[in-house]
Amino acid sequence: MTDPRILTVRPEPDQYAWTFGGAAPLARIAPGTVLDLYTEDCFAGRVRSEKDLVSEVCEFPFLNPQTGPFHIEGAEPGDTVAVHFVSIEPARDWAASTTVPLFGALTSTHTTATLQPPLPERVWIWQLDRARGTALFQARDNDLQVELPLDPMHGTVGVAPASLEVRSALVPDAHGGNMDTPEMRAGVTCYLGVNVEGALLSLGDGHARQGEGETCGVAVECAMNTVVVVDLLKDVATPWPRLESDTHIISTGSARPLEDAFRISQLDLVQWLVRDYGFSELDAYQFATQTVESPLANVCDTNYTCVAKLRKQWLPARETYRGVHARLRETARALSR
């Protein structure tokens with residue numbers, strides 16, 4: 001096996017993308033390229049202390065800066081881009097989380113309007129011990145401290161949408177985007193359907209950790225040093241973002257209301273079983289019903305995201321996505337040696 005090409009990208013402040021679609025490529029890459037990337041946090045690094053309120057230091061809509069986009073040579077509509085996460089590592093010794101007025105699952109929002117005042121705006125700074133792999137929660141109202149394990153992930157991974165659309169980097173949909181699923185961690189391959197020539201892949205929104213649902217709307221937001229391997233599967237369609245780990249296949253769905261996001265992810269999983277694992281549609285429906293795990297990704301964004309995941313050990317021994325996950329895992333292992 002020849003050594004893959006490695007492209008290192010550390011964007012300047014004016015080089016980030018704020019949308020999927022509508023942004024010029026940061027670079028052109030060939031399939032098989034390893035990207036060694038720096039991604040900024042969702043606040044563009046502006047929330048650095050408990051006094052840095054988002055409403056004062058950030059300017060909407062310039063939130064969730066993305067590193068990219070990358071034009072993938074040969075990518076055309078009807079193809080699939082495979083993005084394998086080799087490593088995701090916090091780039092700083094601290095991360096930030098906040099409450100934001102009129103944003104989050106347990107408060108009034110602009111679209112769920114009620115006669116109650118917005119929650120107060122408050123910032124928590126989490127101290128990260130990268131050597132020990134921990135994140136320290138420090139309560140604001142007393143001296144309570146809780147040390148939690150790091151579980152780095154990327155909240156936002158996606159390609160340009162179809163139909164000439166330009167979508168905010170805050171929005172998840174069929175193109176990927178701000179899905180905020182903790183499943184998007186190192187060792188996972190993300191499959192994204194190509195909608196435009198070159199695909200225009202971007203990623204960002206690193207989280208040092210996040211609970212399922214991202215209830216208050218903000219995770220432990222962190223700049224990341226991330227390494228991915230990007231590949232291209234010609235003539236393989238992927239209608240909604242899918243993930244594959246060593247242990248699971250995972251479908252996603254993003255929509256409102258929440259039950260529609262759930263339905264999309266479940267239907268996509270059923271259709272995946274039919275296409276690649278030899279099930280009939282009704283057999284797949286029955287099998288998935290009895291085996292699926294259904295974590296929430298987010299219930300706070302413009303669209304909510306649900307996940308449907310199924311253990312590979314319970315599936316027939318069939319190849320999915322031409323075995324690209326196993327191949328990219330070997331590339332990742334070679335890079336770490």
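Remark: the backbone N or O of His248 is paired with a side-chain donor or acceptor of Ser245 at under 3.5 angstrom. Distance alone, capped at 3.5 Å, places no donor-acceptor pair between the Lys309 side chain and the Glu244 backbone. Looking only at distances, a side-chain donor or acceptor of Asn142 sits under 3.5 Å from a matching main-chain atom of Leu144. With Arg10 contributing its side chain and Asp36 its backbone, the two residues share a donor-acceptor pair below 3.5 Å. Using a distance-only test at 3.5 Å, with no hydrogens or angles considered, no donor-acceptor pair links the side chain of Thr107 to the main chain of Gly104. The main-chain N or O of Ser254 is never found under 3.5 Å from a side-chain atom of Asn303 such that the two would form a donor-acceptor pair. Within the 3.5 Å criterion, the main-chain N or O of Tyr285 finds a donor-acceptor partner in the side chain of Thr289. Formation of a donor-acceptor pair under 3.5 Å by the Arg185 side chain with backbone atoms of Pro182 is found in this model. No donor-acceptor pair closer than 3.5 Å links the side chain of Thr238 to the backbone N or O of Trp240. A donor-acceptor pair is defined here as one N or O able to donate and one able to accept, closer than 3.5 Å; such a pair exists between the side chain of Thr99 and the backbone of Pro120.
No path of Ile, Leu, Val, Met, Phe, Trp and Tyr side chains, each step under 4.5 Å between heavy atoms, connects Leu200 with Leu35, placing them in separate hydrophobic clusters. Using a 4.5 Å cut-off between side-chain heavy atoms of Ile, Leu, Val, Met, Phe, Trp and Tyr, with links allowed through other members, Ile6 and Leu328 fall into the same hydrophobic cluster. Residues Val188 and Leu203 share a single hydrophobic cluster, defined by chaining ILVMFWY side chains whose heavy atoms lie under 4.5 Å apart. There is a path of hydrophobic side-chain contacts, each under 4.5 Å, that joins Val236 to Leu269. Grouping the Ile, Leu, Val, Met, Phe, Trp and Tyr side chains by contacts below 4.5 angstrom, directly or via other members, places Met184 apart from Phe20.
With rounding to the nearest 0.5 Å, the separation of CG in Asp260 from CG in Leu267 is 11.5 Å. The NE2 atom of His175 lies 9.5 Å from the OG atom of Ser202; values are rounded to the nearest 0.5 Å. Rounding to the nearest 0.5 Å places CH2 of Trp94 at 9.0 Å from OG of Ser49. Atom OH of Tyr191 is separated from atom NE2 of His325 by 7.0 Å, given to the nearest 0.5 angstrom. Considering OG1 of Thr291 and CG of Leu310, their distance stands at 3.5 Å, rounded to 0.5 Å. Note that the OG1 atom of Thr98 and the CZ atom of Phe103 stand 8.5 Å from one another [nearest 0.5 Å].
A salt bridge does not link Asp41 to Arg46: none of the charged side-chain nitrogens sits closer than 4.0 Å to a carboxylate oxygen. Ion pairing between Arg322 and Asp276 fails under the 4.0 Å rule for side-chain N and carboxylate O. In summary, Arg140 and Glu50 engage in a salt bridge, as defined by a charged side-chain N under 4.0 Å from a carboxylate O. Between Asp268 and Arg242, at least one side-chain nitrogen of the basic residue sits less than 4.0 Å from a carboxylate oxygen of the acidic one, meeting the salt-bridge criterion. Between Asp231 and Arg327 there is a salt bridge, with a side-chain nitrogen of the basic residue lying less than 4.0 Å from a carboxylate oxygen of the acidic one.
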side-chain contact (heavy atoms from CB on, under 4.5 Å) assessment of Val123 paired with Ser97:
CA-CA 6 Å; Val123 175; Ser97 191; over 6 Å; no
Is there a side-chain hydrogen bond (donor to acceptor under 3.5 Å, both in side chains) between Thr114 and Gln116? Walk through the geometry before answering.
CA-CA 6 Å; Thr114 61; Gln116 57 179 296; 2.9 Å; yes
Derivation of the side-chain contact (heavy atoms from CB on, under 4.5 Å) call for Thr320 and Leu315
CA-CA 11 Å; Thr320 187; Leu315 291 172; over 6 Å; no
Please test Val274 against Gln271 for side-chain contact (heavy atoms from CB on, under 4.5 Å), starting from the C-alpha separation and ending with a verdict.
CA-CA 5 Å; Val274 171; Gln271 292 174 335; 5.5 Å; no
Show, in sequence, the C-alpha distance, side-chain angles and deciding distance for Gln138 and Trp126, and conclude whether the side-chain contact (heavy atoms from CB on, under 4.5 Å) test is met.
CA-CA 7 Å; Gln138 171 64 65; Trp126 290 65; over 6 Å; no
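Proximity of Glu330 to Arg333: side-chain heavy atoms (C-beta onward) are separated by under 4.5 Å at one or more points. Within the 4.5 Å cutoff, the side chain of Glu121 has no heavy atoms near those of the Glu56 side chain. When side chains are defined from C-beta on, Leu150 does not count as touching Thr134, because their heavy atoms never get closer than 4.5 Å. For the pair Pro118 and Leu102, the minimum side-chain heavy-atom distance is below 4.5 Å. A 4.5 Å side-chain heavy-atom check between Glu281 and Phe279 finds every atom pair outside the cut-off. Side-chain contact check for Leu192 versus Thr80: every heavy-atom pair is 4.5 Å or farther apart. In this structure the side chain of Gln66 never reaches within 4.5 angstrom of the side chain of Tyr16, judged on heavy atoms. Contact check for Ile264 versus Gln266: no side-chain heavy atoms found under the 4.5 Å cut-off.
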Kindly list each side-chain donor-acceptor pair under 3.5 angstrom involving residues 208-220, sequence neighbours excluded, with atom names and distances?
from: Arg209; atom 1: NH1; to: Pro149; atom 2: O; distance (Å): 2.6
from: Gln210; atom 1: OE1; to: His207; atom 2: ND1; distance (Å): 3.0
from: Gln210; atom 1: NE2; to: Asp180; atom 2: O; distance (Å): 3.1
from: Gln210; atom 1: NE2; to: Ala297; atom 2: O; distance (Å): 3.3
from: Glu214; atom 1: OE2; to: Ala219; atom 2: N; distance (Å): 3.1

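Sorted by first and then second residue, the pairs that involve residues 288-303 and meet salt bridge (charged side-chain N to carboxylate O under 4.0 Å, His left out), not counting sequence neighbours, are Glu293-Arg311.
Around atom OH of Tyr277, more than 12 heavy atoms belonging to other residues, nucleotides or ligands sit under 6.0 Å away. Annotation: Glu197, atom CD; neighbour count of heavy atoms from other residues, nucleotides and ligands within 6.0 Å does not exceed 12.
Taking both residues in full, the closest heavy atoms of Ala237 and Arg275 are given as O-NH1, 2.7 Å, listed atom of the first, atom of the second, then distance. What you find for Pro161 and Arg167 is that their closest heavy atoms are CG-CG, 3.4 Å. Smallest separation of non-hydrogen atoms from Tyr304 and Pro257: CD1-C, 4.5 Å. The two residues Ala223 and Glu40 have their closest heavy-atom pair at CB-OE1, 3.6 Å. In terms of heavy-atom proximity, Ala91 sits nearest to Cys222 at N-SG, 4.4 Å. Residues Ile88 and Pro152 come closest through the heavy atom pair O-CB, 3.4 Å.
Side-chain contact check for Tyr38 and Thr226: no donor-acceptor pair (N or O, by modelled atom type) lies under 3.5 Å. In summary, the side chains of Glu165 and Ser163 do not present any donor paired with an acceptor at a separation below 3.5 Å, with no hydrogens or angles considered.
With sequence neighbours left out, Arg318 forms a side chain to side chain donor-acceptor pair (under 3.5 Å) with no residue at all.
Ring centroids of Tyr321 and Trp272 are separated by less than 6.0 Å, placing the two rings close together.
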